[in-house]
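We count ligands from 1, going down the list as the structure has it; atoms in each ligand are counted the same way.
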Amino acid sequence: MACRSEEILDALVKEARKVSFEGKVANYIPALQKESPDHLSCALVYPDGDCFSAGDIQRKFTLQSISKIITLAIVLMDYGPEHVFHRVGMEPTGDPFNSIIKLETSSKAKPLNPMINAGALAVTSMIKGSNAEEKVEYIMDFVRKLTNEPDIDYCEEVAISEFTTSFLNRSLCFYMKGDGVIHGNVEEIMEVYTKQCAIRMNCLQLARMGVVFAMDGLNPVTNEQVMPKEVARICKTFMVTCGMYNASGEFAIRIGIPAKSGVSGGIMGSVPGRMGIGIFGPALNEVGNSHTGLKLLELLQDKYDLSMF
Ligand code: DON
């Protein structure tokens, strides 16, 4: 069964919004703390092109960690899985997304997976281009193909806010560079990374990206295969095992769909063969997932049996 009623979706969004007071807007990136915790918007996009949305759908937000799926797809296409997994692992960590601890305790500073910050920085260090600007444009072009929106851009204010305060991410880079896991200029990697994290869109555009992964890389609007099936499969698998940080196991049990969240409060869901989901709810729980977004997904799961398990 699928939710094809805006009225019902609207009622579920209103219900989920009630728990917003239990969450907190991220503040470690200063520019993110301006968001209002009681905002919640959602869009569902189906393979036949139908879409349903609820809440203030115009409201844009930055992708933050959701961008890690995009850069992962790009490097998998450019270098192939073997090369990529030589630099970054495939295992969940059970640690917070910005933890440095496993870099020290695992052999060489190879990050355990591409969804934690260390792994995503290693992935970003592989993006092709002769300077930061070219690399960012390369990422943006792929996002535009996924969303069918030529105007997608990044938020300069959020990018600068993170670039100037992100000392932990710089430390992760230097640690990996020290062990030869990444090469290149750390400031340039940080510039590309903070800009990819600051890519902004609304939840309808996010759901459009989600449906492409759900459809094994086929963009159902343009009928273009924008990535090989194998790449979409690997991305969706990481979304299941590591997409919701160190709460991915619980999420797999409670909701059971490939999903990726970001600290801005975005969640992209890709229900295989069925739909793309875009949610924006900036009130976060203690691990950094959207608290209202999770509540909404729970309501959707109860009503429409989203789980793939
Ligand atoms: O690097 C950071 O901390 C943020 N730009 C993104 C963090 C985030 O969304 C959660 N990470 N998995």
Side-chain angles (χ1 to χ4, degrees), residues 23-35 61-72 88-89 91-103 111-125 127 136 139 154-176 182 186-187 189-201 206 209 235 238-249 251 258-268 278-291 293-294:
K24 265 202 183 132
V25 172
N27 59 8
Y28 77 99
I29 299 174
L32 290 183
Q33 48 186 334
K34 291 182 189 159
E35 294 295 350
F61 51 94
T62 57
L63 290 182
Q64 298 304 329
S65 284
I66 302 171
S67 69
K68 293 170 180 172
I69 285 291
I70 293 157
T71 44
L72 174 65
V88 54
E91 300 302 336
T93 66
D95 299 323
F97 61 82
N98 52 7
S99 175
I100 200 164
I101 191 162
K102 291 279 190 328
L103 291 185
L112 259 78
N113 70 68
M115 299 296 110
I116 51 172
N117 284 7
L121 287 159
V123 165
T124 297
S125 77
I127 294 287
V136 173
I139 299 169
Y154 65 85
C155 174
E156 189 81 43
E157 186 197 349
V158 171
I160 289 175
S161 180
E162 182 172 16
F163 185 80
T164 50
T165 53
S166 196
F167 303 109
L168 183 50
N169 282 338
R170 276 185 179 77
S171 312
L172 295 170
C173 287
F174 282 118
Y175 208 109
M176 291 188 287
I182 66 170
V186 169
E187 288 309 294
I189 296 167
M190 285 299 299
E191 183 182 341
V192 178
Y193 176 78
T194 49
K195 286 180 176 168
Q196 79 175 58
C197 287
I199 294 173
R200 70 180 150 198
M201 62 180 66
L206 187 62
M209 289 210 301
C235 291
F238 274 122
M239 286 161 81
V240 170
T241 56
C242 321
M244 303 299 282
Y245 319 138
N246 45 331
S248 298
F251 185 83
K260 181 73 201 92
S261 64
V263 286
S264 53
I267 301 178
M268 178 178 82
I279 294 178
F280 174 45
L284 307 181
N285 65 14
E286 58 297 335
V287 289
N289 288 321
S290 169
H291 185 59
L294 287 175

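- Within ligand 1, the atoms closer than 4.0 Å to a non-hydrogen atom of Met115 are 12 (N), numbered from 1 in the order shown.
- Under a 4.0 angstrom heavy-atom cut-off, Asn98 registers as lying outside contact with ligand 1.
- In this structure, Leu63 CG and Ile69 CD1 are separated by 11.5 Å, a value rounded to the nearest 0.5 Å.
- Summarising the geometry, atom CZ belonging to Phe97 is positioned 9.0 Å from atom CD belonging to Gln64; distances are rounded to the nearest 0.5 Å.
- For a threshold of 3.5 Å applied to N or O pairs, the pair formed by Lys68 and ligand 1 contains at least one separation below that value.
- When only interatomic distances are considered, the shortest N/O to N/O separation between Val263 and ligand 1 falls below 3.5 Å.
- Of the candidates Met244, Glu162, Gln64, Glu162 brings a heavy atom nearest to atom 2 (C) of ligand 1.
- A salt bridge between Lys102 and Glu91 is absent, with no side-chain N of the basic residue lying under 4.0 Å from a carboxylate O of the acidic one.
- Remark: ligand 1 and Lys260 share no N or O pair separated by less than 3.5 Å (distance only, no angle test).
- Near Gly262, meaning under 4.0 Å from one of its heavy atoms, ligand 1 places the atoms 9 (O).
- Contact annotation for Thr194 and ligand 1: no heavy atom of the residue comes within less than 4.0 Å of the ligand.
- Looking at Asn289, its side chain does come within 3.5 Å of a backbone N or O of Met244 through a donor-acceptor pair.
- What sits closest to atom 3 (O) of ligand 1 on the protein, heavy atoms only, is Tyr28 OH, 2.6 Å.
- Between Arg170 and Glu187, at least one side-chain nitrogen of the basic residue sits less than 4.0 Å from a carboxylate oxygen of the acidic one, meeting the salt-bridge criterion.
- From the protein, the heavy atom lying nearest to atom 1 (O) of ligand 1 is Tyr193 OH, 2.6 Å.
- If you number the atoms of ligand 1 from 1 as listed, the ones under 4.0 Å from a heavy atom of Cys197 come out as 5 (N).
- Side-chain contact check for Phe280 versus Leu206: every heavy-atom pair is 4.5 Å or farther apart.
- The proximity of Ser65 to ligand 1, defined as any non-hydrogen pair under 4.0 Å, involves the side chain as well as the backbone.
- A donor-acceptor pair shorter than 3.5 Å can be found between the side chains of Gln196 and Ser67.
- Panel note: side chain Ser161, backbone Val158; no donor-acceptor pair is recorded below 3.5 Å.
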